[in-house]
Asks: 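I am attaching a structure below and will ask some questions about it afterwards.
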Amino acid sequence: MAKERVAVVGIGQTRHQATRGDVSIAGLVREAAVEALQDAGMTWADIEAVVIGKAPDFFEGVMMPELYLADALGAVGKPLLRVHTAGSVGGSTALVAASLIQARIHRRVLTVAFEKQSESEAMWALTLPIPFSPPLVAGAGGYFAPHIRAYMRRSGAPEHIGVLVALKDRLNALKNPKAHLHEEGITFESVNDSIMLWDPIRYSETCPSSDGACAMVFTDEAGGDAATDPAWMLGGAMRSEPTMAPGRDQVNPIGGRECAAEVYAQAGIADPRRDIDVAEVYVPFSWYEPMWLENLGFAEEGQGWKLVEDGATAMDGDIPWNPSGGVLSSNPIGASGMIRFAEAAMQVRGRAGEHQIDGARVALGHAYGGGSQFFAMWAVGAGKPSS
Amino acid sequence: MRDVAVVAFAQSHHVRREQYRNEVELLMPVLHKVKSEVGLDQTQIDFTCSGSTDYLAGSAFSFVSTLDGVGARPPISESHVEMDGAWALYEAWVKIQTGMADTALVYGYGKSSPGALRDVLSRQLDPYYMAPLWPDSVGLAALQARACLDAGVTTVEEMAAIAARSRRAAAANEYAQLTSSADPEALLAGPEIAAPLRRHDCPPVTDGAAAVILAAGDRARELAARPAWIRGIDHRIEAHALGVRDLTTSVSTRLAGDRAGVGDRPVDLAELHAPFTHQEVVVREALGLGDGVTINPSGGPLAANPLIAAGLIRIGEAATRIARGDANRAVAHATSGPCLQQNLVCVLEGGER
């Protein structure tokens with residue numbers, strides 16, 4: 001028997017910012033969840049199960065916070081699952097929630113992802129020891145900088161490509177009222193002149209540390225048919241590979257390529273650059289846009305940076321990436337992947353407001369985590385899939 | 001629903017302190033054993049799902065290193081829950097139900113020994129109103145036990161009998177940590193450590209790991225002589241604040257048990273994840289298990305309670321007894337959170353439908 005079709009009928013996001021001191025953790029997740037329920041025209045009672053995701057519990061200092069959040073998420077008397085797959089968690093949480101519909105176990109599922117990073121110091125929480133290496137890495141940027149350097153060497157990309165990506169995403173964020181960073185007056189020069197944090201990553205090429213949450217309501221096919229403007233799930237997949245393995249390519253990881261290939265196969269996408277109208281891709285450091293353009297098959301290996309330079313990924317380009325401003329403009333880590341998934345769905349629903357890409361019919365949402373080793377992706381469409 | 005069965009189960013020898021092996025080293029022999037039982041390597045497993053918690057490991061992203069023990073190369077379809085492995089099994093069962101997988105590897109592990117577990121578990125509580133007071137896990141269980149005694153749900157004599165029965169049953173379980181007990185009368189002569197709980201009412205602190213392989217339909221029949229078919233599985237959560245719950249019953253266990261079909265037919269045995277003696281009475285009542293049902297033949301969590309693995313072990317122990325032909329219909333239960341806040345119930349059967 002074929003899988004049940006999944007429709008996205010409700011989406012909510014908090015206003016993301018450095019410190020949401022006005023709300024508790026419960027208040028933060030409710031802000032997103034209530035907005036998603038209202039969007040879906042539902043109440044808490046309509047929801048059959050809740051799937052919640054976030055990155056490490058140490059970020060807020062609460063062990064398994066879903067236990068404490070059961071009441072706030074209207075989950076009392078219902079199944080509540082808590083997913084954690086590193087930085088990809090927002091995406092994988094949505095996929096686990098979708099699988100409850102696909103398996104016909106539930107008909108209406110609420111999924112939520114959050115991080116309240118102001119409760120701790122995320123940079124040091126992300127400073128993990130690398131086996132057999134001296135402890136010199138500070139933060140995720142310290143881990144990824146050498147891989148970016150390797151990409152630049154391999155591809156021959158000019159130094160300013162990262163600046164172009166950061167400028168594009170931060171300008172896009174000006175059109176997104178939920179985005180954390182709204183840098184009026186940002187210029188190529190201001191990004192280029194910002195302090196070098198982890199060579200070649202500048203301060204303005206780095207994601208912020210945000211408080212924020214995202215929520216979505218999924219229904220089965222009947223629920224999608226009854227909704228006015230659902231987004232339909234066309235395909236979804238997760239892939240994981242080890243942090244360290246001989247010969248593992250961390251610049252263009254095979255896990256990402258295989259994950260994308262499976263999503264494209266499910267969604268009937270033969271040529272991603274042609275068949276996908278807009279993509280929300282997890283780009284926490286600017287250079288990951290050209291790197292993932294290649295990893296996800298939008299460009300040949302070594303050619304991704306040329307799409308950036310040509311403006312193909314700008315809002316008026318042929319394949320806009322991150323019109324929301326992306327992770328570079330808002331990064332509540334545990335929620336960042338779900339925000340990508342939700343923004344993709346908003347685009348095909350025609351509900352992205354000022355950062356809407358006209359006529360978007362098929363969109364890609366992408367998340368990755370760990371040492372470029374955990375991947376979660378989905379494709380959503382404005383039209384109901386044939387299978 | 002697709003027919004899905006437990007076809008293999010493996011666990012570590014549970015100990016108070018696994019001093020010389022880290023989590024990866026603790027887990028690897030268990031993973032190798034469970035895969036070799038059915039002759040599968042990682043490339044033949046369609047989906048992998050694990051449970052762990054960073055608060056036991058004491059480091060963020062701790063599950064990332066244990067993935068290195070799995071052999072995720074070439075890349076695998078994989079997920080992780082920050083919950084007991086029983087919920088990882090639930091996610092894997094859902095994945096098989098979607099038709100996107102026919103086989104799944106599930107594992108859970110935890111080393112409780114490095115920290116002061118009672119205090120660590122207090123970090124599970126509401127961070128604004130409860131956690132700052134550091135109410136510890138044994139103290140909260142004692143409040144529940146007191147409520148149960150006051151309501152006449154159980155007696156200290158029954159609690160002592162549960163402790164003695166569990167640890168004596170564990171004598172036949174080579175993986176258990178505590179395998180003998182004094183007589184209930186002698187146990188009751190001991191002091192209370194958190195009134196009304198005595199030492200025997202509390203689970204041991206345990207380091208351990210467990211793994212299960214699931215398979216669907218004919219794949220399960222190929223891999224096991226007598227698969228333990230999952231005929232129902234469900235989980236439910238209750239409110240967090242203890243003051244709004246009736247601690248003498250387990251509403252979430254009853255709901256999950258009803259949804260899993262526990263009462264549809266007679267039950268031969270039950271493996272219950274009731275870490276404190278009085279909780280066995282509460283869970284048994286919520287599941288409607290009568291006197292004829294054998295409870296925790298493995299010794300249960302009172303004989304070995306490796307957090308995050310202990311719930312998955314209940315499913316594995318129940319499945320093992322079905323595979324051996326000791327039982328035809330078994331109930332496995334897992335719990336999480338203070339005073340049985342969240343519960344999962346799984347019904348396993350030996351015969352074909």
Side-chain angles (χ1 to χ4, degrees), chain A residues 1-4 24-25 54-71 75-86 92 95-96 99-100 102-105 125-126 128 131 237-245 248 253-255 258-259 262 370-371 373-375, chain B residues 1-2 48 52-55 59-65 67-68 70-83 87 90-91 93-100 120-128 130-131 234-241 244 251-252 255-256 336-338 341-342:
Chain A
M1 195 164 63
K3 298 190 290 277
E4 175 70 24
S24 63
I25 296 170
K54 69 175 298 298
D57 290 358
F58 288 123
F59 281 10
E60 290 82 12
V62 187
M63 179 185 188
M64 303 174 169
E66 64 280 3
L67 294 168
Y68 138 71
L69 291 170
D71 308 69
V76 172
K78 298 173 187 174
L80 174 62
L81 269 175
R82 156 72 193 289
V83 180
H84 176 17
T85 62
S92 43
L95 293 178
V96 172
S99 72
L100 292 170
Q102 290 174 316
R104 297 185 174 81
I105 293 165
L126 289 164
L128 301 176
M238 283 146 74
R239 284 293 181 279
S240 309
E241 55 183 306
T243 319
M244 299 288 157
R248 187 168 97 84
I254 187 169
E258 290 185 0
C259 188
E262 186 179 330
Q373 66 188 118
F374 297 102
F375 301 91
Chain B
M1 288 285 136
R2 299 181 79 193
T48 300
S52 74
T53 167
D54 285 348
Y55 263 82
S59 93
F61 301 106
S62 55
F63 67 92
V64 175
S65 24
L67 181 67
D68 286 352
V70 171
R73 195 163 165 81
I76 59 172
S77 175
E78 188 258 355
S79 185
H80 171 264
V81 295
E82 196 84 357
M83 309 176 85
W87 278 268
Y90 180 82
E91 185 183 331
W93 175 82
V94 171
K95 186 82 171 182
I96 294 175
Q97 291 301 335
T98 67
M100 292 187 282
V120 171
L121 288 173
S122 76
R123 303 302 86 197
Q124 281 186 334
L125 303 170
D126 179 319
Y128 304 99
M130 286 269 278
D234 194 79
H235 62 99
R236 302 280 149 167
I237 194 165
E238 293 177 45
H240 182 67
V244 305
V251 177
S252 53
L255 269 172
S336 176
Q341 188 193 347
Q342 188 176 24

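To find a chain, count down the sequence lines: A is the first, B the second, and so on, and within it residues start at 1.
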Asks: Using heavy-atom distances under 4.5 Å, tell me whether B:A131 contacts chain A through its side chain, its backbone, both, or neither.
Replies: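 No part of it gets close to chain A.
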
Asks: Look at A:G77, A:G370, A:S92 and state which one has the largest set of heavy-atom pairs under 4.5 Å with chain B.
Replies: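 Greatest number of close heavy-atom pairs with chain B: A:G77.
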
Asks: Looking only at non-hydrogen atoms, find the nearest pair between B:F63 and B:S52 and report the distance.
Replies: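 Shortest heavy-atom separation between B:F63 and B:S52 comes out as CB-OG, 3.6 Å.
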
Asks: Look up atom OG in B:S79 and atom CZ in A:F374, then write down how far apart they are to the nearest 0.5 Å.
Replies: 10.0 Å

Asks: Quick check on B:E82 against chain A: is it the side chain, the backbone, both or neither that has a heavy atom closer than 4.5 Å?
Replies: both

Asks: Side chain, backbone, both or neither: which part of B:T53 has an atom under 4.5 Å from a heavy atom of chain A?
Replies: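 B:T53 touches chain A through side-chain heavy atoms alone.
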
Asks: Contact part of A:L69 toward chain B, heavy-atom cut-off under 4.5 Å: side chain, backbone, both or neither?
Replies: neither

Asks: Checking heavy atoms, do the side chain of B:I76, its backbone, both or neither come under 4.5 Å from chain A?
Replies: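 B:I76 touches chain A through backbone and side-chain heavy atoms alike.
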
Asks: At a 4.5 Å cut-off on heavy atoms, which part of A:E60 comes close to chain B: side chain, backbone, both, or neither?
Replies: neither

Asks: Between A:E262, A:Q102, A:R239, which shows the greatest number of heavy-atom pairs under 4.5 Å with chain B?
Replies: A:R239

Asks: Within a strict 4.5 Å, meaning less than it, do heavy atoms of the A:L67 and A:V62 side chains meet?
Replies: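 Counting from C-beta outward, A:L67 and A:V62 never come under 4.5 Å.
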
Asks: Any sub-3.5 Å donor-acceptor pair from B:D68's side-chain atoms to A:P242's backbone N or O?
Replies: no

Asks: Between chain A and each of B:V251, B:T48, B:V64, count heavy-atom pairs under 4.5 Å; write down the option with the most.
Replies: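 That would be B:V64.
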
Asks: Could you tell me which of A:E241, A:R82, A:M238, A:E66 has the largest number of non-hydrogen atom pairs under 4.5 Å with chain B?
Replies: A:R82

Asks: Given heavy-atom pairs under 4.5 angstrom as the criterion, report whether the side chain, backbone, both or neither of B:E78 touches chain A.
Replies: both

Asks: Using non-hydrogen atoms and a 4.5 Å limit, figure out which bit of A:E258 sits close to chain B: side chain, backbone, both or neither.
Replies: side chain

Asks: Answer yes or no: is there a donor N or O on one side and an acceptor on the other, between the side chain of B:D54 and the main chain of B:F61, under 3.5 Å?
Replies: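 Judged by distance alone, yes, a pair lies under 3.5 Å.
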
Asks: By a 4.5 Å heavy-atom criterion (distance strictly below it), what part of A:V96 contacts chain B: side chain, backbone, both, or neither?
Replies: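 Looking at A:V96, just its side chain touches chain B.
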
Asks: What residue in A:A237, A:G61, A:A55 has the most heavy-atom pairs under 4.5 Å with chain B?
Replies: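 Between A:A237, A:G61, A:A55, the count favours A:G61.
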
Asks: Check whether A:F375 gets within reach of chain B through its side chain, its backbone, both or neither, counting any heavy atom under 4.5 Å.
Replies: neither

Asks: For the CZ atom of B:R123 and the CE atom of A:M64, what is their distance to the nearest 0.5 Å?
Replies: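 Taking CZ in B:R123 and CE in A:M64, the distance rounds to 14.5 Å.
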
Asks: Out of B:V120, B:V94, B:L67, B:D234, which one racks up the most heavy-atom pairs below 4.5 Å with chain A?
Replies: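 Option with the top pair count is B:V94.
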
Asks: Short question: side chain of B:Q341, backbone of B:E238 - any donor-acceptor pair under 3.5 Å?
Replies: yes

Asks: Do B:S65 and A:T243 make a side-chain contact, defined as non-hydrogen atoms from C-beta onward lying under 4.5 Å apart?
Replies: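 A side-chain contact is absent here, since even the closest heavy-atom pair is not under 4.5 Å.
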
Asks: Among B:M130, B:M83, B:K95, B:Q124, which residue has the highest count of heavy-atom pairs closer than 4.5 Å to chain A?
Replies: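 Counting heavy-atom pairs under 4.5 Å, the top option is B:Q124.
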
Asks: Quick one: what part of A:P65 sits under 4.5 Å from any heavy atom of chain B, side chain, backbone, both or neither?
Replies: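 No part of it gets close to chain B.
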
Asks: Rounded at 0.5 Å granularity, tell me how far NE2 in B:H235 sits from CD in B:Q342.
Replies: 7.0 Å

Asks: Pick from B:Y128, B:W87, B:Y90: which one has the most heavy-atom pairs with chain A under 4.5 Å?
Replies: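 Of the candidates given, the most pairs with chain A belong to B:Y128.
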
Asks: Would you say A:V76 and B:H240 make side-chain contact, with heavy atoms under 4.5 Å?
Replies: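 No; the side chains remain at least 4.5 Å from each other.
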
Asks: Rounded to the nearest 0.5 Å, what separates atom CG in A:L81 from atom CD1 in B:I237?
Replies: 10.0 Å

Asks: Top residue by heavy-atom pair count (under 4.5 Å) with chain B, among A:E4, A:Q373, A:R248?
Replies: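 Option with the top pair count is A:R248.
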
Asks: Can you tell which of A:V83, A:I254, A:L80 has the highest number of heavy-atom pairs within less than 4.5 Å of chain B?
Replies: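 When all of A:V83, A:I254, A:L80 are compared, A:L80 has the most.
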
Asks: Where on A:D71 is there a heavy atom nearer than 4.5 Å to chain B: the side chain, the backbone, both, or neither?
Replies: side chain

Asks: Taking B:H80 for the side chain and A:H84 for the main chain, is one N or O donor matched with an acceptor at less than 3.5 Å?
Replies: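 Pair found, side chain donor or acceptor close to backbone of A:H84.
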
